[in-house]
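Sequence lines set the chain letters: A, B, ... in the order given, protein chains first and strands last, and positions in each chain run from 1.
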There are 2 protein chains.
Amino acid sequence: MADDPLPESGTPPRWRRRKEARPQEIVAAALDVFTERGFAATRLEEIAARAGISKGTLYLYFPNKEELFKAVVRSAIVPNLEMAEHLLHDFPGPSMEILAQLLEGIGGRIMATKVGGIPKLMIAEAGNFPDLARFYLDEVINRGFRVIGAVIERGVARGEFRPVNVAHTVRLVIAPVLMIAVWRSSFEPVEGKPLDVRGLLAEHLDHLRRALQPEGPGGDEA
Amino acid sequence: MADDPLPESGTPPRWRRRKEARPQEIVAAALDVFTERGFAATRLEEIAARAGISKGTLYLYFPNKEELFKAVVRSAIVPNLEMAEHLLHDFPGPSMEILAQLLEGIGGRIMATKVGGIPKLMIAEAGNFPDLARFYLDEVINRGFRVIGAVIERGVARGEFRPVNVAHTVRLVIAPVLMIAVWRSSFEPVEGKPLDVRGLLAEHLDHLRRALQPEGPGGDEA
DNA sequence: GATAAATAACTGACTGGTCAGTTATCAAAT
DNA sequence: ATTTGATAACTGACCAGTCAGTTATTTATC
């Protein structure tokens, strides 16, 4: 984003070789612009400007707009998914706890970074770029669904949750997160007042706990 | 969309004056194309073609693309909201029943018509068209939130629901509906298999019933 | 009730501007 | 001296919006 602050004496060179650093910088700039403007309305020239390079240089690192976009999605989302998958395998405690950590982790990321803008982007562009949608469906959505689904199945198997329709419940778990991401991307800037993300997620988890609670004939709670 | 099949003898006229009918036809065609392609990617020529007119004729009825878009949103959404508000005032039964009818009504509409594509559109374009976003926020979102909020408050007041954070709960009630609309607009065509809207809504309502149920101190269920 | 003049709906070729992607050229690094 | 990173000018396609001209319909006239 910013120029390197080398206080070099003499003539500042017009540019500098940064072969290693460029891709990340470009992807970071691209995430910014894509989430602000949407895919179609984003001009590669603006991405280049924010990355401190020229448009032609973009094409040294990415073959076209679509591949750049894919790189953005990969770098923004995939690591998160990997973390979620690890959490699922390594965490020994109650399943509800995994769900809570997952959702709170995502909530934190949505508030702290710009990844929350990606869903908006995909929603908007899926129709016009089917192979992009396919990519997102395979690499992000279905993988995310699988993780949540596994947690729910784990909970049911361990008797922590009542038996539910897993496929549907997965979507019900995710829906509020999606709403948060979408709201922050699209309407919060217009409305002005910030969404209470933490509070909303806490309420969601509270509702989920009650909705998933096994129906005890007598007393519940171990 | 189709020409009127007057089997008139002689020469079929190249076109026909339809001053009264045109606006609706254009808006209907525009809804189709906008929801399929998004705002930016929609070509006015395609809307014109689907409405059975030429591009120039569009500009006799709407000053520009954005105003046409606003007209589409108004005509697709506002009537539905009015129906919801009437239901709230007229229905005497349990609050959960109102919620169920509301959600099922919306679900039915999403499946039967193309209005489900509007949220996608607004999510996508809110950033680029702030005044459009403002309009949608005021006329659609906040009005919708107010209706759901009123139902929940009614339920709490009547002892049908436990006390909850109303603002948050409203969003939790709506989130799955939003997810359904978005899914059908953006990813269902790519994935191929249809989303089980009815089943998902039923599961949502089941979860809601449990999540909102008043907590009995000893035995539950009156 | 036929014909002509006037009007309003409609058309489609055109313009001006934008932007993804290309390439001829240059400067830095080795 | 050669290779590689980077540039900036260029191309070609696309599309919102315009407008001079065409055609259906209505109104006036005989």
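- The nearest whole Å value for the distance from the CZ atom in B:F69 to the P atom in D:dA16 is 14 Å.
- Ion pair B:E46/B:K55 not flagged as a salt bridge, since none of the NZ, NE, NH1 or NH2 atoms sits closer than 4.0 Å to an Asp/Glu carboxylate oxygen.
- For B:S54, the listed nucleotide lying nearest its side chain is C:dT11; candidates were C:dT11, D:dA16, C:dA20.
- A ring-ring contact (aromatic ring centres under 6.0 Å, His included) with A:F69 is found for one member of A:F62, A:Y136, A:F39 and no other, namely A:F39.
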- Kindly determine whether A:R143 and A:E85 satisfy salt bridge (Lys or Arg N to Asp or Glu O under 4.0 Å), including the steps that lead there. CA-CA 9 Å; A:R143 227 168 121 192; A:E85 281 160 358; 3.0 Å; yes

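- Between A:R154 and A:I98, some side-chain heavy-atom pair lies under the 4.5 Å cut-off.
- B:L68 places its CG atom 11 Å from the P atom of D:dA16, with the value rounded to the nearest Å.
- The CD-P distance, from A:E46 to C:dA20, rounds to 11 Å in whole Å.
- Listed nucleotides: D:dG17, D:dT7, C:dG21. Nearest to the side chain of A:L44: C:dG21.
- Residue A:Y61 places at least one side-chain N or O closer than 4.0 Å to OP1 or OP2 of D:dA6.
- A straight line from OH of A:Y59 to P of C:dG21 spans 4 Å, rounded to a whole angstrom.
- Note: CD1 (A:I47) to P (C:dG21) measures 11 Å, nearest angstrom.
- Closest to the side chain of A:K55, out of C:dG21, D:dC15, D:dA6, is C:dG21.
- Going from atom CD1 of B:I26 over to atom P of C:dC10 covers 8 Å, rounded to whole Å.
- Regarding A:N64, its CG atom lies at a distance of 11 Å from the P atom of C:dA20, rounded to whole Å.
- The residue among A:T57 and B:K65 whose nearest nucleotide of DNA chain D is located toward the 5' end is A:T57.
- Atom CZ in B:R22 sits roughly 6 Å away from atom P in C:dT11 (whole-Å rounding).
- A:L60 comes within 4.0 angstrom of a nucleotide base, judged by non-hydrogen atoms across all strands.
- Atom-to-atom distance recorded for B:I141:CD1 and B:R134:CZ is 10.5 Å, nearest 0.5 angstrom.
- Of the residues near DNA chain D, A:E45 and A:I53, the one whose nearest nucleotide (by heavy atom distance) lies more toward the 5' end is A:I53.
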